Amino acid sequence: MVRMGLEHPSDDIDRAIGNELRAARARCGLTRQQLADTSGVAPSTIQRFENGERSPDIRQLFALCDALNTSPQELIAQAIEFLKRPRQ
């Protein structure tokens, strides 16, 4: 398994992706339902992502990012920055 330098368990990664999805949705002023309608991802699935219960697969990630007017690369970069922050 390739570690890519991250020392965080998958739960932390799921939480970081979820935080960034929630922030991007807020910046766009969208409800979960509006994001679901635009992306084709169910609102309950979006909620699970935002709560850090799981991360989107690659197709879901691209659909969500397209609906949020951001790139997957930018969203992941922001999630990585979140992971680098000191834990409180």
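Quick caveat, the model's predicted, so the values are computed rather than measured.
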I would like to know whether Arg54 and Thr45 meet side-chain contact (heavy atoms from CB on, under 4.5 Å); could you show each step before the answer?
CA-CA 9 Å; Arg54 59 180 280 222; Thr45 302; 3.8 Å; yes
I would like to know whether Glu50 and Gln47 meet side-chain contact (heavy atoms from CB on, under 4.5 Å); could you show each step before the answer?
CA-CA 5 Å; Glu50 290 182 354; Gln47 181 177 3; 5.8 Å; no
Nearest atoms (heavy-atom pairs only) where Gln34 meets Leu30
OE1-CA, 3.3 Å
Checking the side chain of Gln78 only, and the main-chain atoms of Leu75 only, is there a donor and an acceptor separated by less than 3.5 Å?
no
Closest non-hydrogen atom pair between Ala16 and Phe82, with its separation:
CB-CD2, 3.4 Å
When every non-hydrogen atom of Gln33 is compared with those of Pro43, the smallest separation belongs to OE1-CG, 3.4 Å
Once rounded to the nearest 0.5 Å, what's the spacing between atom CG of Leu68 and atom OG of Ser39?
7.5 Å
Asp37 CG to Thr31 OG1 distance, which is reported to the nearest 0.5 Å:
7.5 Å
Just verifying a value: how many Å separate Leu21 CG and Asn51 CG, rounded to the nearest 0.5 Å?
11.5 Å
Quick one: closest heavy-atom pair of Asp14 and Gly52, and the distance?
CB-O, 3.3 Å
Which pair of non-hydrogen atoms, one from Ile17 and one from Pro56, has the smallest distance, and what is that distance?
CG2-CD, 3.7 Å
Nearest 0.5 Å, what's the CD1-CD distance between Ile46 and Gln60?
9.0 Å
To the nearest 0.5 Å, what is the distance between OG1 (Thr70) and CG (Leu64)?
11.0 Å
Rounded to the nearest 0.5 Å, the CD1 atom of Ile76 sits from the CD1 atom of Ile80 at a distance of 7.0 Å
Could you walk me through whether Leu35 and Val41 pass the side-chain contact (heavy atoms from CB on, under 4.5 Å) test, one step at a time?
CA-CA 8 Å; Leu35 179 56; Val41 177; over 6 Å; no
